[in-house]
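Since the structure comes first, as structure tokens, the remarks are kept for the end.
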There are 2 protein chains.
Amino acid sequence: MAPMENITYQKWLSQFRKGYLELCVLVALRQRKSSYGFELLQTFENAGLEINEGTLYPLLNRMQKNGWLTSRWETPVDSGHPRRFYQLSKEGKTLMSAMLTAYQDHEHTLTQLKELK
Amino acid sequence: MAPMENITYQKWLSQFRKGYLELCVLVALRQRKSSYGFELLQTFENAGLEINEGTLYPLLNRMQKNGWLTSRWETPVDSGHPRRFYQLSKEGKTLMSAMLTAYQDHEHTLTQLKELK
DNA sequence: AATAATACTTTGTAATGCAAGGTATTATAT
DNA sequence: ATATAATACCTTGCATTACAAAGTATTATT
């Protein structure tokens, strides 16, 4: 059985991404200062994370609605399709720190479990 | 703002546990060979992971239904409340390996994102 | 003129963590 | 002897999110 082709594994993977994707967006925006959906999709893909458009765009909207991000429309200098650029808000930065801590806690828990006797 | 008290953070944390809890159960059962719900709750708590009863018991049922676990009822030797003991199935072991790989992939992706320029 | 690429949006479905409440048995304290 | 706590498991309903699929609009390429 090749796990990657297993439906049950794919479903689990979808669930496993919940919450994780928000953290990825926050970290990417911390590094980039500012970015937009399409660029983030490519950034994630380069980092080994392929996610669906229909996942990212609603995610960005939710995160803004929650006050973690701010956004503004911007048209490329020469011409080109307008882009919605997102930035971290103060709350977004605070939350990102908490999330990174939670991430480390999870790592720590898993390590503990692996060492169970 | 203390993140732990923030509702928006708590909600995120619930989402973040999705998928992760399955991996924890699989790893704990790999180490323990055999265990039951109530004991797993304590094991997780000792490992720094507090989860709700109403989360774990349905989770164990689902995992068995999916064929990842097998179970049998057992009553303590002296007397005591009967317990449903769970064990990893062959499929469960295979899937656990795939999940651990996915976990590492996520770690790797996050590291990449943290190093973005 | 047609196609591809860029860029974002919307809708419906499946899945899961959690709170809250419930059942039953055994052990402990009064 | 009685009440309480601890052990052990189960069920229901809710809120949330990843995804597939389909859609809109603009710009670039063939």
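Lettering follows sequence order; numbering is per chain, from 1.
- Sequence order on DNA chain C of the closest nucleotides to B:E22 and A:R84 puts A:R84 first from the 5' end.
- Between D:dA18, C:dT9, D:dT16, one nucleotide has an atom nearer to the side chain of A:S14 than all others, and that is D:dA18.
- The 5' end of DNA chain D is approached more closely, in terms of each residue's nearest nucleotide, by A:R17 than by the other of A:T75 and A:R17.
- Of all the residues in residues 29-49 of chain B, not one reaches under 4.0 Å from DNA chain C with any non-hydrogen atom.
- Across all strands shown, B:W12 has no heavy atoms under 4.0 Å from either base or sugar-phosphate atoms.
- If you check D:dA8, C:dT6, C:dT10 against the side chain of A:H81, the one that comes closest is C:dT6.
- In this structure, CE in A:M63 is found 7.0 Å from CG in A:L60, a value given to the nearest 0.5 Å.
- Within the nucleic acid shown, B:E74 has no heavy atom closer than 4.0 Å to any nucleic acid atom.
- When distances are taken from the side chain of B:R83 to each of D:dA8, D:dA18, D:dC10, the shortest belongs to D:dA8.
- Side-chain N/O atoms of A:K18 include none lying less than 4.0 angstrom from OP1 or OP2 on D:dA18.
- Using a distance-only test at 3.5 Å, with no hydrogens or angles considered, no donor-acceptor pair links the side chain of B:Q112 to the main chain of A:A47.
- Two residues, A:P82 and A:N66, neighbour DNA chain D, and the one matched to the more 5' nucleotide by heavy-atom proximity is A:N66.
- Salt bridge absent: B:E91 and B:K93 never bring a charged side-chain N and a carboxylate O closer than 4.0 Å.
- Classified by interplanar angle (parallel below 30°, tilted 30° to 60°, perpendicular above 60°), the ring pair B:F16/A:Y103 is tilted.
- Considering only the side chain of A:Y57, C:dC8 comes nearest among C:dC8, C:dA15, C:dG17.
- A donor and an acceptor atom never sit less than 3.5 Å apart when one is taken from the side chain of A:E53 and the other from the base of D:dC19.
- Checking the phosphate oxygens (OP1, OP2) of C:dA19, a side-chain nitrogen or oxygen of B:N52 falls inside 4.0 Å.
- For B:R62 and C:dT16, the shortest distance from a side-chain N or O to OP1 or OP2 is below 4.0 Å.
- Atom-to-atom distance recorded for B:L59:CG and B:N52:CG is 12.0 Å, nearest 0.5 angstrom.
- Remark: P of D:dT17 and CE of A:M63 are 11 Å apart, rounded to the nearest angstrom.
- Applying the ring-ring contact (aromatic ring centres under 6.0 Å, His included) rule to B:Y20 yields the partners A:H106; only residues at least two apart in sequence or on another chain are considered.
- In this structure, the CD1 atom of A:I7 is 12 Å from the P atom of D:dA20, given to the nearest Å.
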A:Q64 and A:Y86: CA distance, side-chain angles, deciding distance, side-chain contact (heavy atoms from CB on, under 4.5 Å) verdict: CA-CA 8 Å; A:Q64 180 177 13; A:Y86 289 92; 3.8 Å; yes

